[in-house]
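Read through the structure below, which is laid out as structure tokens, and then see the notes.
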Amino acid sequence: MPDGSEVEIWNLVFTQFNRGGPPPDNLSPLPSRNIDTGMGLERTCAMLQGVDSNFHIDILRPLVEAVAEVCGRAYDPASDDGRRIRRIADHVRACTFAIHENVLPGNNEEKYVVKRLLRRAVLDGRQMGMREPFLHKLPPMVAELMRRPYPELATTTEHVGTVIEREEESFLATIDGGLDRIEKLFAAIGKAGGSRVAGEDAAELYTTYGFPPELLETIAAERNCDFDWEGFRAAMEAHGQRSGAGRSVEVFASGPLDALKKTLHGSDFVGYDATEAEGKVVGIIAQDALCDSLTEVGHATPVTVVLDETPFYGESGGQVGDTGVLEWPGGRFDVIDTQREGGFVLHVGHLREGTLDLGGTVTARVDAARRAGLRRAHSATHLLHAALQHYLGSHAVQQGSKVDADLLRFDFSHASSIDAETLGQIEGMVNERVLEALPVAARLLPLAEARHEGAMMLFGEKYPDVVRMVTMDGVSRELCGGTHVASTGQIGLVRIVGEESVSAGTRRITAVTGQRALERFREAEASLAAAAGTLKVPVGDVPQRLTAVLKELKDLKKAKPAAAAAASPEELLAAAADVAGTRVVVADIGSGDAAAMRQAIDLLRRKASPIAVLLAGAEGGKVTLVAGISKELEARGVSAGSWIRDVATVVGGKGGGRPDMAQAGGKLVEKIPEALAEARRRIEQLLAG
RNA sequence: GGGGACGUAGCUCAAUUGGGAGAGCACCGCCUUUGCAAGGCGGGGGUUGUGGGUUCGAUCCCCAUCGUCUCCA
């Protein structure tokens, strides 16, 4: 380097051993040895350009300077801020590329990496005093610097900026929410007379609320508190173990399939045009092991059958697997699900009759009605995809989908919710294409050719050299292995039934097609007709009538307590006994409305004092008791709670509450008079004591 | 894929051990007042996400489900 220090720019790795098990005898020679070579492009540039850091080469230094400017700092390479600025530059560059390729910040896998990078950068900015989103201003600079090798970056900087800004806002909100909790934390620390933030508390704040520990440390320092990094790391380790512990178990252990792979290349799928075909049984997997035959009818755990040729579609590309039956003379196997793994189609299900033998020939019959629904839904997603691109823009690309029988879920990138009008237009366009009855064709062609013809491809998908392209005349071209209708007209009706957010920047549309769309309309009409019938009005008048009825109900409810309380407080008061200067009201008011009883007691307490009231009532075979006493009695140590507990025992119940107001219930309605007598006796004792 | 937290009025959030659903802001009305977060009085607004369970009684406890946030792989 210019300053005389050394830096590695290129290394060679000589691979020759396989490492397995504990040392010392854990190295075994590889079948073929090789040399892996790697040279750091940016490091080399740094050498050639005579600068002291990757960050100072011609395609990065301007970005670093831009970050410094946005943050209102002068770039000093040696300072803490210099480090932060470099980190922000690096992260924003990485995220600009990732988001350009439609990897949006999210909660799992690569999406989570993007989210973490963004949050780290925002945190660095915050520690330099940035309180507002700023990262989102930088993607245009990245695009400019990368203009020559990646001109396409410039086409999405606006979208990328929006996504980044949204994530920034979300993280700033997370921090603000955490600040409230931190106040409570420091209050507790202060109260305990401590001066140290416990690692466990910090870890909880981080794992549950996303509040970064670095920031907590900074705040702690401002208040002369230590930060327990060691405890924090220990707590995080424990969290990592808990999270990693429940690792998912592969449904199909690799063992049996690997054995099959050695002798066979895979299953042939023949179901694009047919739903029935003959196939030879080449594998039976039960309890994670290959078997020669299957004889036990009525087994609980599903068994997997592999055929050399099958019309069953294994779940992939969002389309769920087929169901149906395998039949042979004297036997039947119900297929409840079909999966695909390692080139094999796995028929999962239960043997219902006879014996299934390896090598035998079976007739595989797909549930054709269900398959037809799957075709309709799948073709509908392609039309929907095209319509979304048309109305929302080219960024609205597929992020995932689930295609079920006449039911589809389609996830795509889009920053905000879609208003009802646009959604209606999208639905309208899809249905127009259906009415046009466009021919749907699928053909195999080389990947390069498909790309040249402008087929829609999804990022992150690995495509083989020869791909299947599904074309709907003039509307849609997508690479897709799924099953489709022959003409869009067969889809029937497409009805969008939901639009929601799945994660930041990704929206989900749910829709129904064909039969299910029809059923949905029928059900909706039936419910409406039933409602109209009950209300005894024409269908069109249901909304007004319903609001009127609800209002009436509400008014009635409001009026009711007053009416119930009209169990005349004057009468109750007149019938009150006098126990050592205290008025005692014990009465059965007939109804079991606890709220009304409370109201009556409040009224009595306002009218006379000192006073003790216990009201009883029954409704629906249940007894309700409410007792209340005035403040003076409470001060003397009399408790409504203990009073009512003894009384409740008589009616076979329990109760309790606050000293001045208590509630209880029971089931022995016929014992109310007895309970009231008990109530009088007890209050006399309590007042005397 | 797994762990954790949260769902209460339009919004931000309270509610002690399971015992009467509240505050601030916003909204409406009246009064006061020429302004900058106006003030005073009054009012409307709730199936405590949804469905079960335990209990005399559930915002609170248990189970399921949906949704939001978050960390880890």
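Basis for what follows: all heavy atoms, side chains included, without hydrogens, waters or symmetry-related copies. Order of the sequence lines sets the chain letters (A, B, ...), proteins ahead of strands, with each chain counted from 1.
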If I take atom [atom1] in residue [X] and atom [atom2] in nucleotide [N], what distance separates them, rounded to the nearest angstrom?
X	N	atom1	atom2	result
Met597(A)	rC56(B)	CE	C1'	12 Å
Leu216(A)	rU70(B)	CG	P	18 Å
Glu237(A)	rC71(B)	CD	P	19 Å
Tyr206(A)	rC71(B)	OH	P	6 Å
Asp176(A)	rC69(B)	CG	P	16 Å
Lys667(A)	rG57(B)	NZ	P	7 Å

Euclidean distance for [atom1], [N] against [M] (whole angstrom):
N	M	atom1	result
rG42(B)	rC69(B)	C1'	39 Å
rU47(B)	rU32(B)	C1'	40 Å
rA26(B)	rC11(B)	P	15 Å
rG53(B)	rU12(B)	P	32 Å
rC66(B)	rC25(B)	P	39 Å
rG18(B)	rC62(B)	P	11 Å
rA23(B)	rU65(B)	C1'	32 Å
rG20(B)	rA58(B)	P	12 Å

Flag for Ser401(A)-Gln398(A): side-chain donor and acceptor within less than 3.5 Å: yes
For Thr510(A) and Arg409(A), which I'm curious about, is there any donor-acceptor pair between the side chains at under 3.5 Å? no
Give Thr624(A) one of three labels, base, sugar-phosphate or nothing, depending on what nucleic acid heavy atoms sit under 4.0 Å from its own. nothing
Hey, is the side chain of Arg119(A) poking within less than 4.0 Å of OP1 or OP2 on rU70(B), counting only N and O atoms? yes
Look at Ser170(A) and rU70(B) and indicate whether a side-chain polar atom (N or O) is within less than 4.0 Å of OP1 or OP2. yes
I'd like to know if [X] and [Y] make a salt bridge, using a cut-off of under 4.0 Å between side-chain N and carboxylate O.
X	Y	value
Arg166(A)	Glu169(A)	no
Arg605(A)	Asp660(A)	yes
Arg119(A)	Glu167(A)	yes

Pairing annotation in dot-bracket form, given for RNA chain B with Watson-Crick or G-U pairs under 3.5 Å and | for cross-strand partners: (((((((..((((.....[..)))).(((((.......))))).....(((((..]....)))))))))))).
Partner residues of [X] under the salt bridge (Lys or Arg N to Asp or Glu O under 4.0 Å) criterion, sequence neighbours left out:
X	result
Glu427(A)	Arg495(A)
Arg233(A)	none
Arg196(A)	Asp226(A), Asp228(A)
Arg87(A)	Asp124(A)

Each nucleotide N or O in nucleotides 10-14 of chain B that has a protein N or O under 3.5 Å away: list the pair and distance.
none

Once ring-ring contact (aromatic ring centres under 6.0 Å, His included) is applied, do any residues pair with Phe344(A), and if so which ones, sequence neighbours excluded? none
ring-ring contact (aromatic ring centres under 6.0 Å, His included) against Phe134(A), all qualifying residues, sequence neighbours excluded: none
Taken to the nearest 0.5 Å, the spacing of Leu625(A) CG from Gln663(A) CD works out to 9.5 Å
Keeping Gln319(A) on the side-chain end and Asp404(A) on the backbone end, is there a donor-acceptor pair under 3.5 Å? no
Please report, to 0.1 Å, the donor-acceptor pairs under 3.5 Å made by any side chain of residues 213-223 of chain A, with sequence neighbours excluded.
residue   : atom : partner   : partner atom : Å
Glu214(A) : OE2  : Arg120(A) : NH1          : 3.1
Glu217(A) : OE2  : Trp229(A) : NE1          : 3.0
Thr218(A) : OG1  : Gln127(A) : NE2          : 3.0
Thr218(A) : OG1  : Glu214(A) : O            : 2.9
Arg223(A) : NH1  : Glu183(A) : OE1          : 3.4
Arg223(A) : NH2  : Glu183(A) : OE2          : 2.9

Every protein N/O lying under 3.5 Å from an N/O of nucleotides 19-26 of chain B:
residue : atom : partner   : partner atom : Å
rG19(B) : N7   : Gly657(A) : N            : 3.3
rG19(B) : O6   : Gly655(A) : O            : 3.4
rG19(B) : O6   : Gly656(A) : N            : 2.8
rG19(B) : N1   : Gly656(A) : N            : 3.4
rG19(B) : N1   : Gln663(A) : O            : 3.2
rG19(B) : N2   : Gln663(A) : O            : 3.3
rG20(B) : O4'  : Arg598(A) : NE           : 2.9
rG20(B) : N7   : Arg658(A) : NH1          : 3.3
rG20(B) : N7   : Arg658(A) : NH2          : 2.5
rG20(B) : O6   : Arg605(A) : NH2          : 3.1
rG20(B) : N1   : Asp602(A) : OD1          : 3.2
rG20(B) : N1   : Asp602(A) : OD2          : 2.6
rG20(B) : N2   : Asp602(A) : OD2          : 2.1

Keeping to residues at least two apart or across chains, list the side-chain hydrogen bond (donor to acceptor under 3.5 Å, both in side chains) pairs with something in residues 674-683 of chain A. Asp646(A)-Arg682(A), Glu678(A)-Arg681(A), Arg682(A)-Gln685(A)
What protein N or O atoms touch nucleotides 3-5 of chain B N or O atoms at under 3.5 angstrom, if any, and at what distances?
residue : atom : partner   : partner atom : Å
rG3(B)  : O2'  : Arg242(A) : NE           : 3.2
rG3(B)  : N2   : Thr207(A) : O            : 2.9
rG3(B)  : N3   : His239(A) : NE2          : 3.3
rG4(B)  : O2'  : Thr208(A) : OG1          : 3.0
rG4(B)  : N2   : Thr208(A) : O            : 2.8
rA5(B)  : O2'  : Tyr209(A) : OH           : 2.9

